[in-house]
Amino acid sequence: MAATRRMFRSVLIASRGEIACRIAATLREMGIRSIAVCSEADRGALHTRRADDVRVIGPPEPRQSYLSVEAILAAARETGAEAIHPGYGFLAENAEFADAVDHAGLAFIGPTAEQIRAMGDKRAARALAVEAKVPVVPGGEGRDADALAREAKRIGYPVMVKAALGGGGKGMRIVADETALSEAVESATRLAASAFGDGAVYLEKAIERPRHIEVQVLGDGAGDAIHLFERECSLQRRHQKVIEECPSPAVDETLRERITFAAVTLARAVHYRGAGTIEFLLAPNGHYYFLEMNTRLQVEHPVTEMVTGLDLVRLQIEVAATGRLPLGQQQVLRRGHAIEARVYAEDPAQNFLPQAGRATRVRWPRAPFVRVDAGVVAGDAVPLQYDPILAKVIAFGEDRARALNRLVHALDESVVQGVVTNLPFLRALARTRAVECAEPDTGWIEREFLGHFAGVALAPAPELALAAAAVAEAMGLTRDGAGATGAAVPGHASDTGSVHDPFSAAGRWRQKGLE
Amino acid sequence: MRSEWRDGERDRGVELTPLGPGRYQAIVDGGAIELTVESVGDGRLRLTTGDQVTVAEVSAAGARVFVRLGAVDFVLQRESAGRRRTRAAGGGNLETPMPGVVTKVMVAAGATVKRGQALLAIEAMKMEHVIRAPHDGTVRSLAAKLGDMVAGGVPLVELDAPETDDRSGS
């Protein structure tokens, strides 16, 4: 795409939930008309109410709506959008989509299709990192299980078997010794073929007890790039980040200089355009290794925004519109510390099973230095079909201890009823001594915290909670539509009209039971 | 007034007796609490027990009742005769673990099933959960059909206990 040399007048947001709301906020601030898209399951959803215009693009099934290139481009044509912001997830890292947007004569607010493709193939990305002299985890490739076994022996066990087109931990297998390798290769190949359409796998030496450090970069697409410092995302459950922060407590100035230099070198080498994140593993001995590059805005971008005072979405839009970096490296300054927790509709007492339903009550903290990026308000549906993230609670402080303390209180003051969330899990996690001391590596939650949390989660509710429930029932507060006034938000019902709503009548749900 | 609750894996019961306007005695699992209740709007209750004041926020979604006491949250399930019967018959796992769409119905009412046999599959967030028979028995009824949206914590299959020996000869 030839860089447009003026600002866009309208941008279509090809996403939903909290990130679509967050992007709409920046567009509003910039005086750019925002266009939301939604599936039928999301009619009237918060992200559609935060935009200036909205188009319903298809049925709830993501393939026919948020993942439909055709439907999104049709909405863009119909509404006269000049550019498309893909958010994260869905089509954000889909090269065909970026190509299609380009061919439709619109600007894609993100990297080029070629860059998405190169970084999406984890082996190609490794090769690019090697070329840019960025350290990578010792790895091996091979055509078949025998060749891979020889490579595994060379790099030394334990090894990870990874899908070439995977990412975010999907399709990864850790193998402790030779006996388990062939089976792991076979199953990873099968999984990769079904999940990514390509069964190619490769090996990496497993770094034990690593921390996850990532560097935020911004490139102009012509060979210049800057960094916006690092983030630490070691608090993960099954490779899904739970709590993230900036800066990393494990990174000192010397390491920061080296790791951000490595990231910028790689971004420059590929002429990276827009915002991207280069992920590294940090070994206990201080060595760091390139892991992968995410060619999109990250879920955890707010912690970077809090410590730099820079709006990453605005920077993305400015780069896409002008083809230039709106600021130089020396203008990127850092102050204080920010920590984010992800609030998900999932039940920590049931192995984090995703939850859906209608939020009867939603209240976010209002406190100094606390930011909440939310995608739901009281009365909103949480559909089954999509990522269960509801919100991100972010706290800032002049140092880490103050930021963490604010996060603890902010989580206490975050209320979601009607849908089970991971808030109790986050509250317990943010209060642990290991988190306070910034000790955890990426395996810590599963290795040490989940067992401890199970004890907390299984404790009986106090008698007063039962009494309160019984009294509320007796007072009629728990009948459908009663209780929190949010269950019948004015405007919401009229916004949506006659919407197919699986959650509107709890009574109907109960009919399906056996009472 | 008696109500039955499920608190995680526990059965809990509350016997509630009105003592006067806004005053109740609640016997929870045998222990008595006297409380004064004042509705302060937006589904909030100001509970006074002795000299302690707690604000409770209560709302319901299907069988689930959400209770927030101060800054701590609890999720309780309204208990019902049907649900308790199912559990008493040997398994609690006939309940849907999450809200979802019924993607497979593998048995019909009247079918004889073996312990562990797959009965229904529910899908949400691309995760499939199979509901299996917790014991041998006969499917008395099915409360869902293919494609139905179902809530979490709802028993969709009613399974009779295996027939006893003296009746099985007929």
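Reminder, nothing fancy here: chain letters follow the sequence lines and each chain counts from 1.
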The interface call for A:Thr421 against chain B, heavy-atom contacts under 4.5 Å, is neither

Looking only at A:Met475, A:Glu346, A:Arg427, A:Glu413, the option with the highest number of non-hydrogen pairs under 4.5 Å against chain B is A:Arg427

Within residues 30-39 of chain B, contacts to chain A at heavy-atom distances under 4.5 Å involve B:Ile33, B:Leu35, B:Val37, B:Ser39

Cut-off 4.5 Å, heavy atoms of chain A, and the answer for B:Asp7 is side chain

Ranking A:Pro460, A:Pro462, A:Ser414, A:Pro424 by heavy-atom pairs under 4.5 Å to chain B gives rank one to A:Pro460

Side chain to side chain contact (heavy atoms under 4.5 Å, CB included) filter on B:Val75, not counting sequence neighbours, yields A:Val420, B:Arg64, B:Phe66

Looking only at A:Ala469, A:Ala474, A:Ala472, most heavy-atom pairs under 4.5 Å shared with chain B are made by A:Ala469

Turns out that what part of A:Glu463 lies under 4.5 Å from chain B's heavy atoms comes down to both

Bottom line for A:Ala349: the part with an atom under 4.5 Å from chain B's heavy atoms is neither

Cut-off 4.5 Å, heavy atoms of chain A, and the answer for B:Arg68 is both

**Q.** Crowding at CZ, B:Arg2 (>12 non-hydrogen neighbours, <6.0 Å)
**A.** yes

One should read off an interatomic distance between A:Glu473 CD and B:Arg78 CZ, to the nearest 0.5 angstrom, of 4.0 Å

Side chain to side chain donor-acceptor pair (under 3.5 Å) filter on B:Glu57, not counting sequence neighbours, yields A:Arg361, A:Arg363

When the 4.5 angstrom heavy-atom criterion is applied to B:Ala26 and chain A, the contacting part is side chain

Rounded to the nearest 0.5 angstrom, the CG-CG distance for A:Leu466 and B:Leu16 is 11.5 Å

Residues pairing under salt bridge (charged side-chain N to carboxylate O under 4.0 Å, His left out) where one sits in residues 105-120 of chain B, two or more places apart or in two chains, turn out to be none

Closest non-hydrogen atoms of B:Leu76 and A:Ala461, given as atom of the first, atom of the second and distance, are CD2-CB, 4.3 Å

Max heavy-atom pairs within cutoff under 4.5 Å with chain B, candidates A:Ala468, A:Ala459, A:Ala465, goes to A:Ala465

